[in-house]
Amino acid sequence: MPAPRSIFVLPSLLALVALAACSAPAPPPDEAVKVFKSRGAVQCSARGTSPEAMRADMERAGLRVRSAACGSDGRMRPAACGAGTDEINVFDIAASDLARAQGLGFAPLSSLRDAEVAPCR
């Protein structure tokens, strides 16, 4: 005798509910999200890519940049010439551009637990 359908329906429904709970809803497309990318600065040497230059690259790629700032990724590093720095460039972009920004190497600022936006030096 075949198994009752309810045996299969309940586990399927539970799986769908669990999947829905794990995925965060996408922000509205007109909402701004903050993204960042390392400046690539090196202690005792290069300052890395300026926010203005990075913004120009983003706009050439078709991203709509609303504002640009500097910041710190909040991670400690040894003080040594040639080592990287905590400097990041931070941009407000349309939420609908987030996937494209990630394709260019940017990440949501919310992914950095201790990040801070700071005045550019």
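Note that the numbering runs from 1 along the sequence shown for the chain.
- Salt bridge absent: R75 and D86 never bring a charged side-chain N and a carboxylate O closer than 4.0 Å.
- Considering D97, L63, D57 as possible partners of L104, the one that fulfils the side chain to side chain contact (heavy atoms under 4.5 Å, CB included) test is L63.
- Residue F106 is grouped with residue V65 when hydrophobic side chains (ILVMFWY) are merged at heavy-atom distances under 4.5 angstrom, including chains of intermediate members.
- For the atom pair CZ of R55 and CZ of F91, the computed distance is 8.0 Å after rounding to the nearest 0.5 Å.
- Judged purely by atom type and a 3.5 angstrom limit, N89 has no side-chain atom pairing as donor or acceptor with the backbone of M54.
- Formation of a donor-acceptor pair under 3.5 Å by the R100 side chain with backbone atoms of G62 is found in this model.
- Separating the CD1 atom in I88 from the CG atom in L109 is a distance of 5.5 Å, to the nearest 0.5 Å.
- Shown here for R39 and S50, the closest heavy-atom pair between the two residues is NH2-CA, 3.6 Å.
- Between the CZ atom of F36 and the OG atom of S110 there is a distance of 9.0 Å, given to the nearest 0.5 Å.
- Taking 4.5 Å as the limit, every side-chain heavy atom of I93 sits out of range of all side-chain heavy atoms of K34.
- Here Q102 contributes atom CD and S111 contributes atom OG; the two are 8.5 Å apart, rounded to the nearest 0.5 Å.
- In this structure, Q43 and G84 approach most closely via the heavy-atom pair NE2-O, 3.0 Å.
- Here the shortest heavy-atom pairing between A69 and C120 reads C-SG, 4.0 Å.
- Summarising the geometry of A94 relative to V33, their closest heavy-atom pair is O-CG2, 4.3 Å, with the distance given to 0.1 Å.
- Checked for salt-bridge contact, E59 and R64 miss the test: no charged N lies under 4.0 Å from a carboxylate O.
- Side-chain contact check for S38 versus D73: every heavy-atom pair is 4.5 Å or farther apart.
- Closest approach of P78 and A83 over heavy atoms only: O-CB, 4.1 Å.
- Shortest non-hydrogen contact noted between A41 and E87 is CB-OE2, 3.6 Å.
- Note: D92 CG to E31 CD = 10.5 Å, rounded to the nearest 0.5 Å.
- Using a distance-only test at 3.5 Å, with no hydrogens or angles considered, no donor-acceptor pair links the side chain of S45 to the main chain of V42.
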